[in-house]
There are 2 protein chains.
Amino acid sequence: MSDAYYLQLTEQLRHLIDQNAVHWDGKLPAERALAERFATTRVTLRQALAQLEGEGLIHRSNRRGWFISPARLVYDPTRDAGFNDYVRAQGRQPRTAVLKLETRAHVPAARALGLPDDQPFHHIRRRRYVDDRAVLVESLWVVPERAPELLDIYSGQSLWGLLRERWGHYLANRSIRMVSEALLPIDAEELLVAPGTAGLNINRAILDDQQRPIEYDEEHWLHDSLCISVELSGQQ
Amino acid sequence: MSDAYYLQLTEQLRHLIDQNAVHWDGKLPAERALAERFATTRVTLRQALAQLEGEGLIHRSNRRGWFISPARLVYDPTRDAGFNDYVRAQGRQPRTAVLKLETRAHVPAARALGLPDDQPFHHIRRRRYVDDRAVLVESLWVVPERAPELLDIYSGQSLWGLLRERWGHYLANRSIRMVSEALLPIDAEELLVAPGTAGLNINRAILDDQQRPIEYDEEHWLHDSLCISVELSGQQ
DNA sequence: GCAAACTTCTGGTCTATACCAATTAGCCGG
DNA sequence: CCGGCTAATTGGTATAGACCAGAAGTTTGC
């Protein structure tokens, strides 16, 4: 059982990573080189790498190779700090790239917010980075009545900040769902990873303090870049 | 890109599952049979199955075969409903098996609760089922002063209920952490799955309303059996 | 009639090899 | 020195076959 060779390989690779992380600038040697070094085939070697990938210790970027994964970002979905804020609070560098801006209907968003299926939304799709590594892609669907000229002025800043400062919306009621997933080819491509890479899907439906629907969003995170943390007190 | 054969296979298997789920009692045909049916090798076929496994659509049990995964259990870590309660509330059957009862020190628990490293705990290890499928193993470390004779009377019931009713402890402050993981061989074995299977690790440190440490626990869930759901209102 | 022993089937692991496409590195010419 | 082309490298995908150990089903023996 535990004597499977690929599991031994996993341990050896783990040590290799612990000891020499500095020298490599985070990149592991090529698969063929590692396979030869450990006297095995690429298939078995890849099985060991996949194990470490599942643990979140390493990841692969597109076809460029295997890299040591940076520390996970700690994220509390119950708090209202924006992405930029909590990334910086952890001493790291956030970045956002806007991929799409359009206005159209979207059934899942409508359903989540209790609106008719043909309700149009301002749709923003963006990719977000931590220290120049793409860690998530997300789509946001904002009810146009709440932020009419959103698409004209949006350029990657904090959406919640914008909603609060420009339109005076306070996000009072949130319904959050999280499930593990395998990234679909389309999401995987935008994150520069292989299709089927493990991910974490986070959906949010947000209403204001008068129960009016504001926005719905879907985030697709790389599974190894996130640590959900929730602090609760006082209730029972 | 998307024309990889294993991805086409994934789609065909998906349809197969959608259409015939009833006939199979949830079990898919043998890998060799499927490989022949789709005119490919087991290696490629398994790659397609792994994709569906990552999505949470199917899973494998031990060496018995591939099975269609039941619906995910919806779980709100911010609420205090016990496992038995919320499983039943979703029309399903909970079950608990106690794997170990002992008293000993445990450094991670001590650290999480702010106690000295050699602090002894009542340690309970248990496996929990939904509709007779093992979905998680967990270890709990309870501060002995809060529940002295716990190990003598514990037999699989709700721990929180016991703490509340017998010792009058109210769980007021919780610190929860969730990260994706690959199940270690020891946890995988207890869940009857292959080592490296994707899992979700949930840790909790719990104090009472006077900030006294009560317990710390580590849960290891099968990734496909859980949907985290959080409902928040009123705050900003 | 039932438990033990045996056989078959199944997934888990592994070897060896091959081709493709994307990336990267190197070369070359302007 | 820079930009564009080419060749080498790399990960992604796939074939074909093999052995093992655990699970399941069948037969045997009492």
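Letters go in sequence order (proteins before strands), and every chain restarts at 1.
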*Asks:* Tell me whether the OP1 or OP2 atom of C/dG11 has a side-chain N or O from B/Arg64 closer than 4.0 Å.
*Replies:*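 B/Arg64 to C/dG11 OP1/OP2: no side-chain N or O under 4.0 Å.
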*Asks:* Can you see which heavy atom on A/Ile58 is nearest to which on A/Ser69, and at what distance?
*Replies:*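 That would be C-OG, 3.3 Å.
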*Asks:* Can you measure A/Glu53 atom CD to D/dG11 atom C1' for me and round it to whole angstrom units?
*Replies:*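 Going from A/Glu53 (CD) to D/dG11 (C1'), I get 12 Å.
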*Asks:* Could you tell me whether the phosphate oxygens of C/dT23, OP1 or OP2, come under 4.0 Å of any side-chain nitrogen or oxygen in A/Asn62?
*Replies:*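 Yes, such a contact exists.
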*Asks:* Looking only at the side chain of B/Tyr6 (C-beta and beyond, no hydrogens), which of the listed nucleotides D/dA14, C/dG12, D/dA23 gets closest?
*Replies:*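 Of D/dA14, C/dG12, D/dA23, D/dA14 is nearest to the side chain of B/Tyr6.
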*Asks:* Grab the CG-C1' distance between B/Leu45 and D/dT13 for me, whole Å please.
*Replies:*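 The distance from CG of B/Leu45 to C1' of D/dT13 comes to 14 Å, rounded to the nearest Å.
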*Asks:* Once you round it to whole Å, what is the distance between C1' of C/dA25 and CZ of A/Arg63?
*Replies:*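 Value for this atom pair: 18 Å.
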*Asks:* Between A/Arg127 and A/Glu138, is the closest basic N to carboxylate O distance under 4.0 Å?
*Replies:*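 No.
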*Asks:* In terms of side-chain heavy atoms of A/Thr40, which of C/dA21, C/dT15, C/dT10 is nearest?
*Replies:*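 The listed nucleotide nearest to A/Thr40's side chain is C/dT15.
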*Asks:* Identify which nucleotide among C/dC14, C/dG12, D/dT13 has an atom closest to any side-chain atom of B/Arg32, counting heavy atoms from C-beta outward.
*Replies:*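 Of all the options, the side chain of B/Arg32 is nearest to C/dG12.
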*Asks:* Please confirm whether the shortest side-chain N or O distance from B/Thr44 to OP1 or OP2 of D/dT15 is below 4.0 Å.
*Replies:*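 Affirmative; the distance criterion is met.
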*Asks:* Does A/Gln90 have more than 12 heavy atoms from other residues, nucleotides or ligands lying within 6.0 Å of its CD?
*Replies:*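 Enclosed: over 12 neighbouring heavy atoms sit under 6.0 Å from CD of A/Gln90.
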*Asks:* Which of these nucleotides, C/dC14, C/dG12, C/dA18, is closest to any side-chain atom of A/Arg42?
*Replies:*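 Looking only at heavy atoms from C-beta outward on A/Arg42, the closest nucleotide is C/dA18.
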*Asks:* B/Gln47 has an atom CD; how far is it from atom P of D/dG12, in whole Å?
*Replies:*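 Whole-Å distance recorded here is 10 Å.
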*Asks:* Rounding to a whole Å, what distance do you find between A/Tyr5:OH and C/dT15:P?
*Replies:*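 From A/Tyr5 OH to C/dT15 P: 8 Å.
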*Asks:* Which nucleotide in the set C/dG12, C/dT23, D/dA14 lies at the smallest distance from any side-chain heavy atom of A/Val43?
*Replies:*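 My answer, after comparing the listed nucleotides, is D/dA14.
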*Asks:* Should the ring pair B/Phe83 and B/Trp221 be called parallel, tilted or perpendicular, given that the plane angle runs from 0 to 90° and is split at 30 and 60?
*Replies:*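 Ring orientation of B/Phe83 relative to B/Trp221: tilted.
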*Asks:* Rounded to the nearest Å, what distance is computed from the CD atom of residue A/Gln8 to the P atom of nucleotide C/dT13?
*Replies:*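 Whole-Å distance recorded here is 13 Å.
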*Asks:* Could you state the atom-to-atom distance from CG of A/Leu34 to P of D/dT9 in whole Å?
*Replies:*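 Answer to the nearest Å: 17 Å.
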*Asks:* Quick check for you: among D/dG12, C/dT13, C/dT10, whose closest atom lies nearest to any side-chain atom of B/Ala30?
*Replies:*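 The answer is C/dT10, which lies nearest to the side chain.
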*Asks:* Classify the side-chain pair A/Gln8/A/Gln12 by whether it contains a donor and acceptor separated by less than 3.5 Å.
*Replies:*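 No - no donor-acceptor pair under 3.5 Å links their side chains.
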*Asks:* To the nearest Å, give me how far apart CD (B/Glu36) and P (C/dG11) are.
*Replies:*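 That distance rounds to 14 Å.
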*Asks:* Would you say a side-chain N or O of A/Arg46 is under 4.0 Å from OP1 or OP2 of D/dG12?
*Replies:*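 Yes.
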*Asks:* With distance as the sole criterion, do the side chain of A/Arg60 and the base of D/dG12 form a donor-acceptor contact below 3.5 Å?
*Replies:*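 Answer is no: no donor-acceptor pair is held.
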